[in-house]
Amino acid sequence: MKIAVAGTGYVGLVTGVCLASKGHDVTCVDIDEEKVEKMKKGISPIYEPGLDELMQQSMDHLQFTTDYGAAYKDAEAIFIGVGTPEKQDGSANLAYVIKVVKQIAQSVERDCVVVVKSTVPIGTNDKVESYLRERLVHDVKVDIASNPEFLSQGTAVLDTLHASRIVIGVEDEKAGEVLKNVYEKFDAPIIVTDRRSAEMIKYASNDFLALKISYVNEIANLCEIVGADIEDVTKGMGYDARIGKRFLNSGIGYGGSCFPKDTKALSWLASFNDNEIKTIRAAIDVNENQKLKLVKKAKKYYEDFTDLNVAVLGLTFKPGTDDLREAASLVNVPILLEDGAHVKAWDPVGAENFKKLYPKKVDYCSSIEETLKDADICFIFTEWDEVKKFDIKKYEQLMRKPIVLDGRNCYSLDAFADTKIVYNSIGRKTVNSELM
Ligand code: UDX
């Protein structure tokens with residue numbers, strides 16, 4: 001099938017490459033010439049495990065262009081995968097989606113289905129339909145379908161090729177058939193709904209996961225107070241299939257391009273309709289506080305951070321990505337710097353992006369050892385494998401004062417038993433607390 005994809009970010013590019021890998025002829029459109037040139041050579045502009053390889057294997061079925069007219073005019077399905085960033089008031093900014101819809105209206109010369117993959121507020125597909133139909137230049141029938149994306153960064157390719165489900169929201173049976181053909185070779189359950197329900201499935205799913213994390217973080221905070229252990233608690237909870245084992249990891253809160261944005265968007269949507277979605281509001285508030293957890297813990301050991309050597313391990317919002325959006329590091333590092341700390345940071349792929357924001361104030365290190373050298377305290381913000389596999393004895397050997405604040409529970413408590421390291425994690429007892 002001839003397919004066009006608008007936008008080559010995480011959603012657009014991964015979708016395009018995965019569809020091409022199944023034999024569809026896919027043209028990916030982006031406004032950025034430089035990015036397009038790179039992709040033509042089989043190089044992905046984003047860091048995503050497995051994407052470069054799949055792109056190179058699928059090059060026979062892949063094209064990249066800035067010429068949207070040529071890409072859209074005879075495509076049978078046009079996927080929209082552009083960003084819907086958060087606006088000041090928390091609502092989703094649809095400017096990029098609308099711009100693409102306008103270009104599609106000017107370009108299409110055959111009947112086709114426009115598939116909205118970007119996360120958009122409920123009712124957007126209806127608006128897209130009337131906006132597009134009013135502007136169509138040629139006499140063609142264009143249907144709109146909602147097909148939300150559930151991929152996670154770091155596992156985006158796997159999540160797309162082996163999707164937990166494919167949701168298709170349509171108002172027209174034929175449009176549904178076109179999409180079923182698109183996904184014919186994907187081994188995943190297909191759920192066909194009306195468009196508004198499909199749009200809601202995306203928000204309800206993401207916000208439920210965010211709520212689950214905030215819930216577990218509140219339980220973790222309580223565990224610290226009452227002397228329980230969150231790892232044991234969640235293990236005990238997870239055996240109940242109704243709760244499930246996944247997404248029960250406590251830490252310094254969720255970040256990324258989806259949960260923070262989608263929780264705010266649903267909350268905004270509810271309040272705009274004179275409604276209140278209290279659970280999601282609570283998840284947002286809990287998460288904002290949770291992100292400050294390590295700085296608050298650090299105050300137990302040091303009244304202020306002036307001239308303190310601080311080691312920061314991990315800058316990205318999670319491992320497996322170079323994305324910093326809504327990462328805990330972005331909240332904590334500025335506080336440390338403002339308080340006069342000397343910050344040394346390590347991240348295997350996120351340091352370059354962080355450097356764009358803090359080019360001089362932070363010392364970027366190429367190894368964990370270098371970061372820890374002479375540090376008075378260490379903050380762990382991301383559970384990179386390198387951190388999890390790090391020989392913990394080195395914290396004691398390298399740091400001036402071995403105080404490790406772990407926002408991602410990378411280590412077992414037992415591992416610190418025979419050390420002089422103060423190990424303070426989330427929802428668990430502090431090991432060697434008597435040493436400080
Ligand atoms: C998320 C959804 O998982 C995905 O389905 C959707 O399409 C986009 O948003 P993503 O943001 O890439 O994906 O990452 P995810 O793995 O869900 O993690 C988001 C944040 O939650 C990270 O900061 C992560 O550290 C945090 N998290 C996740 C926890 O704190 N605890 C957990 O148990 C799981």
Side-chain angles (χ1 to χ4, degrees), residues 1-8 11-13 15-16 19-20 22-33 36 61-84 92-149 166-185 190 192-199 202:
M1 199 182 275
K2 197 166 178 351
I3 292 174
V5 180
T8 58
V11 171
L13 184 59
T15 301
L19 290 175
K22 299 285 181 187
H24 295 299
D25 289 316
V26 180
T27 306
C28 296
V29 183
D30 204 286
I31 47 169
D32 188 333
E33 298 260 6
V36 167
H61 293 286
L62 266 175
Q63 285 186 57
F64 298 94
T65 182
T66 52
D67 182 357
Y68 62 83
Y72 301 154
K73 74 173 182 191
D74 55 354
E76 294 168 77
I78 304 170
F79 283 75
I80 303 180
V82 293
T84 51
N93 183 350
L94 297 175
Y96 301 115
V97 173
I98 294 300
K99 193 175 165 199
V100 170
V101 173
K102 214 173 180 176
Q103 294 170 341
I104 294 172
Q106 288 161 2
S107 315
V108 284
E109 293 178 16
R110 58 162 294 169
D111 293 356
C112 64
V113 181
V114 170
V115 190
V116 180
K117 256 211 173 295
S118 308
T119 301
V120 291
I122 292 97
T124 303
N125 276 266
D126 294 354
K127 286 187 196 140
V128 164
E129 183 174 81
S130 37
Y131 187 90
L132 186 128
R133 287 188 178 162
E134 277 164 24
R135 287 166 179 77
L136 277 174
V137 171
H138 297 278
D139 182 20
V140 290
K141 183 171 183 292
V142 181
D143 285 307
I144 311 294
S146 164
N147 174 218
E149 183 50 67
I166 291 164
V167 174
I168 297 174
V170 281
E171 302 300 320
D172 175 286
E173 213 178 300
K174 263 172 80 186
E177 289 308 314
V178 172
L179 271 171
K180 280 187 190 162
N181 287 339
V182 169
Y183 287 112
E184 202 182 9
K185 291 191 185 154
I190 293 185
V192 181
T193 67
D194 59 67
R195 285 196 302 233
R196 285 176 182 246
S197 303
E199 291 168 328
K202 169 71 190 197

**Q** Do the side chain of Asp25 and the main chain of Leu62 share a donor and acceptor less than 3.5 angstrom apart?
**A**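 Answer holds: no.
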
**Q** Grab the two heavy atoms, one from Pro148 and one from Val167, that are nearest each other, plus how far apart they are.
**A** CD-O, 3.7 Å

**Q** Quick one: list whatever passes ring-ring contact (aromatic ring centres under 6.0 Å, His included) with Tyr183, sequence neighbours left out.
**A**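 Only Phe186 meet the ring-ring contact (aromatic ring centres under 6.0 Å, His included) criterion with Tyr183.
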
**Q** Just checking Gln106: does its CD atom have more than 12 heavy atoms from other residues, nucleotides or ligands closer to it than 6.0 angstrom?
**A**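 Correct, the count exceeds 12.
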
**Q** Answer whether the closest heavy-atom distance between the side chains of Asp143 and Val170 falls below 4.5 Å.
**A** no

**Q** Please determine whether a side-chain nitrogen of the Lys or Arg among Glu199 and Arg196 lies less than 4.0 Å from a carboxylate oxygen of the Asp or Glu.
**A** no

**Q** Between atom CD1 of Ile98 and atom CG of Leu132, what is the distance when rounded to the nearest 0.5 Å?
**A** 9.5 Å

**Q** Can you tell if the side chain of Val140 reaches within under 4.5 Å of the side chain of Glu109, non-hydrogen atoms only?
**A**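 Answer no - side chains too far apart.
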
**Q** Output yes when a side-chain donor or acceptor of Lys73 lies under 3.5 Å from a complementary backbone atom of Ser107, and no otherwise.
**A** no

**Q** With a 4.5 Å cut-off on side-chain heavy atoms, are Ile80 and Ile104 touching?
**A**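 Ile104 vs Ile80: side chains touch.
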
**Q** Does any part of the side chain of Ser146, heavy atoms only, come nearer than 4.5 Å to the side chain of Thr193, both counted from C-beta?
**A** no

**Q** Find out whether Arg110 and His138 are in side-chain contact, i.e. whether some heavy atom of one side chain is under 4.5 Å from a heavy atom of the other.
**A**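 With C-beta onward as the side chain, the pair stays apart.
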
**Q** In terms of side-chain geometry, is the basic nitrogen of Lys141 or Asp172 positioned less than 4.0 Å from the acidic oxygen of its partner?
**A**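 Asp172 and Lys141: salt-bridged.
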
